[in-house]
There are 2 protein chains.
Amino acid sequence: MRVSLKDVAAHAGVSIKTVSNVVNDYQHVTPAMRARVQRSIDALGYRPNLAARHLRKGRTGIIALALPEFGNPYFAELAAAVIDAAAEHDHIVLLDHTGGRREQEVLVSQAFRARVIDGLILSPIELSADDLRDRAEDVPLVLLGEREYDLPYDHIAIDNVAAARTAVRHLISLGCREVAFIGARRGNSEPAELRLRGWRAELTSAGLSVDDGLVAATDGWGYGDGAAAMVGILTAGRRPDAVFAYNDPMAMGAMRVLHEWGLRVPEDVAVVGFDDVVEGRFGAVTLTSVSPDKEAIGRLAVESVLARLGGTTSEVRRIRAGHRLVERESTLGRRHAAHDGTIRVPS
Amino acid sequence: MRVSLKDVAAHAGVSIKTVSNVVNDYQHVTPAMRARVQRSIDALGYRPNLAARHLRKGRTGIIALALPEFGNPYFAELAAAVIDAAAEHDHIVLLDHTGGRREQEVLVSQAFRARVIDGLILSPIELSADDLRDRAEDVPLVLLGEREYDLPYDHIAIDNVAAARTAVRHLISLGCREVAFIGARRGNSEPAELRLRGWRAELTSAGLSVDDGLVAATDGWGYGDGAAAMVGILTAGRRPDAVFAYNDPMAMGAMRVLHEWGLRVPEDVAVVGFDDVVEGRFGAVTLTSVSPDKEAIGRLAVESVLARLGGTTSEVRRIRAGHRLVERESTLGRRHAAHDGTIRVPS
DNA sequence: GTGAAAGCGCTAACAG
DNA sequence: CTGTTAGCGCTTTCAC
């Protein structure tokens with residue numbers, strides 16, 4: 001049997017309340033009393049029962065984080081950032097994955113699976129505004145990612161349109177004139193909308209034609225999808241001189257196909273990805289990518305949930321995290337390694 | 001205010017117990033009564049308070065999973081497997097990462113950070129047997145991964161020695177005679193011990209010399225570590241004709257360096273990784289790898305925790321999950337893609 | 001089959 | 001500064 005406050009109180013010869021005061025670092029306890037109680041706590045190996053505390057306080061100290069999938073390393077890295085940020089605030093993270101499927105996202109958003117949580121951070125893919133509007137749930141919800149809803153929920157994201165424009169501008173500045181977009185779209189939802197918009201806007205403002213034949217729709221967001229999209233463009237007879245992919249895995253899948261087709265990166269086709277995933281830094285050709293500030297996203301998401309929990313904030317906030325373009329070999333031209341034993345790891 | 005059992009009972013004009021019976025699918029409730037209560041539940045939108053249930057039952061339905069890092073895609077994929085397996089059993093997963101650092105692993109093993117959990121699945125790197133022996137904690141612990149301890153905790157893993165031997169045997173069968181081992185070792189702990197032992201055993205039984213100059217120690221287990229290790233071997237003037245890496249990221253880092261040095265894979269150097277991570281399937285040269293059955297590992301780990309929780313098992317179990325060698329281009333020789341529009345994704 | 005009452009371990013009022 | 005008491009929402013005996 002676990003030892004309870006009562007046991008400690010009996011052992012120390014004081015009341016339950018006094019022990020509680022010590023455990024909770026209550027201000028007005030005499031040092032002598034504190035020491036005495038602490039001795040009993042140590043002697044009995046007392047550890048507070050969180051379930052009871054939760055029942056009483058109505059808080060659990062647990063934040064749920066629901067991401068589409070961990071197979072995409074961006075989300076794995078984001079999860080790490082959220083876990084660390086939560087730990088800073090003495091909270092713990094319950095992790096779930098939705099597969100980017102609407103019904104899973106709806107379930108998660110209503111906290112069906114995990115009802116022990118104080119708050120919820122969700123990165124939706126297919127979820128609609130209506131699904132969210134129907135949400136009858138009082139735990140605070142914070143949204144992450146590219147989808148934007150006109151609803152009273154905090155949203156943390158980078159400026160996707162601007163980021164996409166930066167990527168495309170970079171390609172154009174290298175002399176590319178036919179920039180393909182490999183992006184995820186399926187069904188009604190259009191998760192890649194903002195990045196596609198940025199692609200379109202930048203091409204237009206550069207005076208280049210916006211050619212929808214160079215936009216490849218995909219079913220998912222993985223390597224295989226990027227590869228399939230690239231094959232689609234090539235077999236359609238198109239030969240773009242640049243590819244801007246929705247994310248890094250898709251960019252890498254595309255590069256794999258380009259390689260198989262005997263097209264060189266970046267000489268024949270320059271490639272830019274999105275997310276700046278660690279994997280992109282170690283391929284035969286390192287990948288230029290838009291790098292969102294994941295650490296900031298994680299931190300802001302956690303702080304946002306906690307602020308709402310504390311009741312300090314009432315207004316809905318759209319928070320922009322930073323981003324920057326990290327230029328590597330897939331656009332900058334092939335550099336050759338100095339065979340002097342130094343290892344060059346592009347940052 | 002949330003609606004409680006009492007509210008529902010009042011609304012339905014029955015006792016609390018009856019409502020509880022309905023909520024918990026208790027057998028002996030008349031259908032009429034069940035319907036009536038259910039109507040009140042729906043009308044009021046009642047949802048059970050888990051904190052209260054936990055307090056009463058002493059169970060939370062939460063399993064903690066502590067992994068070294070999610071940056072390594074193997075662990076990301078493993079996390080997904082555990083989450084799914086737990087969901088099958090109506091349990092939820094609390095995720096934590098240790099960074100593979102001993103003090104973090106000790107903390108986690110004692111459930112310090114997360115005291116709301118029914119059980120714990122831990123994949124240790126540096127943790128010592130003594131650390132574990134000192135563990136004064138009653139929540140069931142299940143261990144994952146290559147480290148083996150002679151302690152009363154269930155352990156789920158593949159047969160690392162046999163798996164490593166298979167990998168090395170494959171390389172030898174291709175005519176390789178100088179097989180380097182790129183593995184993680186630092187401080188006193190030797191996480192790569194079993195795989196290194198397999199490497200040694202297979203070389204010996206093939207009548208090849210075991211050359212410690214071909215064993216590269218590293219600080220971590222990432223791309224950069226693999227790259228650095230490869231640079232170390234090459235700058236030492238060694239030219240192995242094969243590399244067996246502790247894991248896929250390290251293998252990919254090594255391949256990157258081989259590429260920079262103008263060495264072709266697999267013509268000059270064949271490479272085998274470990275973990276069969278999805279990333280390995282899409283590089284310019286796809287990676288041959290030992291593929292552990294992650295799905296089985298996740299499932300067995302969850303079942304192991306729950307069995308111990310149910311008190312059905314008392315004996316300590318060492319469970320072996322399956323593995324197989326997936327042969328791809330990094331050993332099998334470069335195949336050229338058929339430019340017929342079909343996309344070939346090596347399984 | 002259903003109801004009444006006790007209590008899981010803790011915290012928050014309020015007394016003292 | 002410390003003790004007493006009530007009750008968070010639920011499950012679990014035990015009567016009826």
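In what follows, chains carry the letters A, B, and so on, assigned in the order in which the sequence lines appear, proteins first and then strands, with residues in each chain numbered from 1. Computed over heavy atoms, backbone and side chain alike; hydrogens, waters and symmetry mates excluded. This structure is a prediction, so every number in the text was calculated from the model and none was measured.
Contact annotation: A:Y26 does not reach the phosphate of D:dG3 (side-chain N/O to OP1 or OP2, under 4.0 Å). For the pair A:R53 and C:dT11, the criterion of a side-chain N or O lying under 4.0 Å from OP1 or OP2 is met. Phosphate contact (OP1/OP2 of D:dT11, side-chain N/O of B:S20, threshold under 4.0 Å): present. OP1 and OP2 of C:dC8 both lie 4.0 Å or more from every side-chain N or O belonging to A:N49. Contact between the side-chain N/O atoms of A:S4 and the OP1/OP2 oxygens of C:dG9 is not found at any separation under 4.0 Å. Considering only side-chain N and O atoms, A:T18 lies nowhere under 4.0 angstrom from the phosphate OP1 or OP2 of D:dC1.
Residues B:A52 and B:K17 both approach DNA chain C. Their nearest nucleotides, taken by heavy-atom distance, put B:K17 toward the 5′ side.
In this structure, B:L55 atom CG and D:dG7 atom C1' are separated by 12 Å, rounded to whole Å. D:dT4 atom P lies 9 Å from atom CD1 of A:I16, rounded to whole Å. The separation between B:L5 atom CG and C:dA4 atom C1' is 15 Å, rounded to whole Å. Rounding to whole angstrom units, NZ of residue B:K6 and C1' of C:dA5 are separated by 13 Å. Atom pair B:H54:NE2 and C:dC10:C1' shows a separation of 16 Å (rounding to whole Å applied). Rounded to whole Å, the distance from CZ on A:R56 to P on D:dT5 is 16 Å. As rounded to whole Å, 12 Å separates atom C1' of C:dG9 from atom CG of A:N24. A straight line from NE2 of A:H28 to C1' of C:dA12 spans 15 Å, rounded to a whole angstrom.
Of the charged side-chain nitrogens involved, none lies within less than 4.0 Å of a carboxylate oxygen, so that A:K57 and A:D118 do not count as a salt-bridged pair. Between B:R135 and B:E105 there is no salt bridge, since no side-chain nitrogen of the basic residue lies less than 4.0 Å from a carboxylate oxygen of the acidic one. Salt-bridge annotation for A:R39 and A:D42: absent, with no side-chain N of the basic residue lying under 4.0 Å from a carboxylate O of the acidic one.
The side chain of B:S15 has C:dA4 as its nearest neighbour among D:dC10, C:dA4, C:dC10.
Checked against a 6.0 Å centroid threshold, the rings of A:Y149 and A:H155 do not count as neighbours.
Nucleic acid contact class of B:V23 (heavy atoms, under 4.0 Å, all strands): none. Residue A:V29 is in sugar-phosphate contact alone, with no base atom involved, counting any heavy-atom pair closer than 4.0 Å across all strands shown.
Between the side chains of B:N21 and B:T18, not a single donor N or O lies within less than 3.5 Å of an accepting N or O.
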